[in-house]
Peer 1: 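Got a structure here, written out as structure tokens. Questions coming.
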Amino acid sequence: MGRKFIDCRAFPSEMNCSITIIADTEAELLDAAAQHAVAVHGHQDTPELREQLRGAIRDGMPAEAAPSRAA
């Protein structure tokens with residue numbers, strides 16, 4: 001099984017967060033990303049947040065260049 005990642009650079013953010021979280025499993029990645037979203041971005045850990053994060057999961061490794069941010 002390949003690595004999975006979520007790149008915070010792909011999300012609109014006032015702080016222009018550059019964190020990328022990488023894990024071997026979707027469950028591990030989702031937990032870490034939710035913790036980051038709560039601790040750093042002030043979100044509530046809700047099913048809606050986790051669904052949004054689940055949709056941002058990508059396979060492989062992130063590119064060095066920042067992805068375009070979602071609107």
Side-chain angles (χ1 to χ4, degrees):
M1 174 171 24
R3 306 275 282 169
K4 298 180 180 300
F5 72 93
I6 294 178
D7 193 334
C8 223
R9 299 174 299 176
F11 291 94
S13 169
E14 291 178 8
M15 61 180 32
N16 292 320
C17 184
S18 64
I19 296 293
T20 299
I21 302 169
I22 304 169
D24 288 334
T25 68
E26 185 173 309
E28 182 181 24
L29 179 58
L30 193 57
D31 285 342
Q35 289 174 19
H36 171 75
V38 169
V40 175
H41 297 285
H43 294 287
Q44 296 292 317
D45 189 352
T46 63
E48 293 81 14
L49 173 66
R50 286 181 177 258
E51 190 60 35
Q52 182 181 15
L53 292 171
R54 192 173 284 109
I57 293 175
R58 302 289 177 254
D59 291 325
M61 298 295 285
E64 282 191 43
S68 60
R69 294 188 184 270

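Numbering starts at 1 and runs along the sequence shown.
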Peer 1: Taking atom CG of L53 and atom NE2 of H36, what is their separation to the nearest 0.5 Å?
Peer 2: 9.5 Å

Peer 1: Hey, could you give me each pair passing salt bridge (Lys or Arg N to Asp or Glu O under 4.0 Å) that has a residue in residues 10-20? Not counting sequence neighbours.
Peer 2: none

Peer 1: The criterion is ring-ring contact (aromatic ring centres under 6.0 Å, His included); which residues satisfy it with H43, sequence neighbours excluded?
Peer 2: none

Peer 1: Grab the two heavy atoms, one from F11 and one from A56, that are nearest each other, plus how far apart they are.
Peer 2: CZ-CB, 3.3 Å

Peer 1: Considering all heavy atoms of both residues, which atom of D59 and which atom of F5 are nearest to each other, and what is their separation?
Peer 2: O-CE2, 3.5 Å

Peer 1: What residues, two or more places apart in sequence or in another chain, satisfy side chain to side chain contact (heavy atoms under 4.5 Å, CB included) together with A32?
Peer 2: I21

Peer 1: Name all pairs fulfilling the salt bridge (Lys or Arg N to Asp or Glu O under 4.0 Å) condition that reach into residues 29-40, sequence neighbours left out, sorted by first residue then second.
Peer 2: D31-R50

Peer 1: I'd like to know if D24 pairs up with R3 as an ion pair, taking the criterion as any Lys NZ or Arg NE/NH1/NH2 lying under 4.0 Å from an Asp or Glu carboxylate oxygen.
Peer 2: yes

Peer 1: Going by the rule side chain to side chain contact (heavy atoms under 4.5 Å, CB included), which residues pair with V38 if we only count those two or more places apart in sequence or in a different chain?
Peer 2: D45

Peer 1: Is there a path of hydrophobic side-chain contacts, each under 4.5 Å between heavy atoms, that joins M61 and I19?
Peer 2: no

Peer 1: Would I6 and R58 count as a side chain to side chain contact (heavy atoms under 4.5 Å, CB included) here? Give the steps.
Peer 2: CA-CA 6 Å; I6 294 178; R58 302 289 177 254; over 6 Å; no

Peer 1: What pairs with E51 under salt bridge (charged side-chain N to carboxylate O under 4.0 Å, His left out), at least two apart in sequence or on another chain?
Peer 2: R54

Peer 1: Closest heavy-atom contact between A37 and L49?
Peer 2: CB-CD2, 4.0 Å

